[in-house]
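In the text below, chain A, chain B and the rest are named by the order of the sequence lines, each starting its count at 1.
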Amino acid sequence: MLRFFASLANPTRFAGLADRLLPWLAGATALAFAAGLYMALVIAPADYQQGESVRIMYIHVPAAWLALGCWTAMSVAALGTLVWRHPLADVAQQAAAPVGAAFTAVCLLTGSLWGRPAWGTWWVWDARLTSVLVLFLMYLGVMALWRAIDDPGRAARAVAILTLVGFVNVPIVKFSVEWWFTLHQGASLTISGSAIDPAMLRPLLVMALGYLLLFVTLLLMRMRTELMRRRLRRMALVAASGLAAGTI
Amino acid sequence: MNQLPFIVAAYAVTVVILGGLVLASWADFRRHKRLLAARAASRDDAR
């Protein structure tokens, strides 16, 4: 595995691999979403307590998983920047932040739209909801920090430190429903088992697969774009320095 | 309470956010690819 990541240290090799994988990943994402949406909206039954609003869970829960998963992936990339100095680690961090922010926004908004009919309120300042809002604000902070520092090397190190510090919030989000008394329900799906009926679990897992494939597709596409942007910047700098040398 | 408007709104919000991100990322990807190709072509012409 480590050897595979080391082999991707060459941006040209990574770009070639991304170009080959992207059409397949996009196709698989579309298929997973088509199957997941059909199962979630047509096949899955209504819940005996929540009624039809349980269908919001099929888009809300995977968004929450990916919101946390994306920050975890960014934290691994931050270690890649600070410890292993992998040349693509900061590219991955920069590419992943807007994707994570989008998943977190989906999680917050769909949760609010589920909360109104289920709890009778759009929002409560309980531990789970507040910690997810903090996660969203941290994604915005990372994106702002990238733009605030001109030198890409310094920006990468600053963002990596912020990401690792912010990782403290990931277990807080995960275990907030156990550590504090919250309106939000506890985890229904754990490693040891599931409290969800298989008729509802299947669409949830297929939708989660769709979200995961979308995350990987967007990450590769945005990393590829960032590599092209950096190459264009280098070419512009070389051209500008050539012009400057010509005028001296 | 009629739950249908909440379900429709939740799915619509998801499509707008994730669909918007996909379209923006794809447009950015295509634009940079075009720019890089144009820059490489102009460099070849200069040679």
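- With chain B as partner, the option from A/Val106, A/Leu41, A/Leu109, A/Ile59 having the largest number of non-hydrogen pairs under 4.5 angstrom is A/Ile59.
- For the atom pair B/Leu18 CG and A/Leu218 CG, the distance stands at 8.0 Å (nearest 0.5 Å).
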Check chain A and chain B for donor-acceptor pairs under 3.5 Å and report each one on its own line.
{"from": "A/Gln50", "atom 1": "O", "to": "B/Gln3", "atom 2": "NE2", "distance (Å)": "2.9"}
{"from": "A/Glu52", "atom 1": "N", "to": "B/Gln3", "atom 2": "OE1", "distance (Å)": "2.9"}
{"from": "A/Ser53", "atom 1": "N", "to": "B/Gln3", "atom 2": "OE1", "distance (Å)": "3.0"}
{"from": "A/Arg55", "atom 1": "O", "to": "B/Tyr11", "atom 2": "OH", "distance (Å)": "2.7"}
{"from": "A/Arg222", "atom 1": "NH1", "to": "B/Ser25", "atom 2": "OG", "distance (Å)": "2.9"}
{"from": "A/Arg229", "atom 1": "NE", "to": "B/His32", "atom 2": "NE2", "distance (Å)": "3.4"}
{"from": "A/Arg229", "atom 1": "NH2", "to": "B/Asp28", "atom 2": "OD2", "distance (Å)": "2.9"}

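- The shortest side-chain heavy-atom distance between B/Ile7 and A/Leu113 does not fall under the 4.5 Å cut-off.
- The candidate with the highest count of non-hydrogen atom pairs below 4.5 Å against chain A, out of B/Leu21, B/Val16, B/Leu35, is B/Leu21.
- For residues 95-102 of chain A, heavy-atom neighbours of chain B at less than 4.5 Å comprise A/Pro98, A/Val99, A/Ala102, sorted by residue number.
- Among pairs with a residue in residues 8-17 of chain B, none fulfils salt bridge (charged side-chain N to carboxylate O under 4.0 Å, His left out), at least two apart in sequence or across chains.
- In this view, A/Arg202 satisfies the side chain to side chain donor-acceptor pair (under 3.5 Å) rule with no residue, not counting sequence neighbours.
- Interface remark: A/Leu232 contributes backbone and side-chain atoms alike to the contact with chain B (heavy atom separation under 4.5 Å).
- For the pair B/Val22 and A/Met221, the minimum side-chain heavy-atom distance is 4.5 Å or more.
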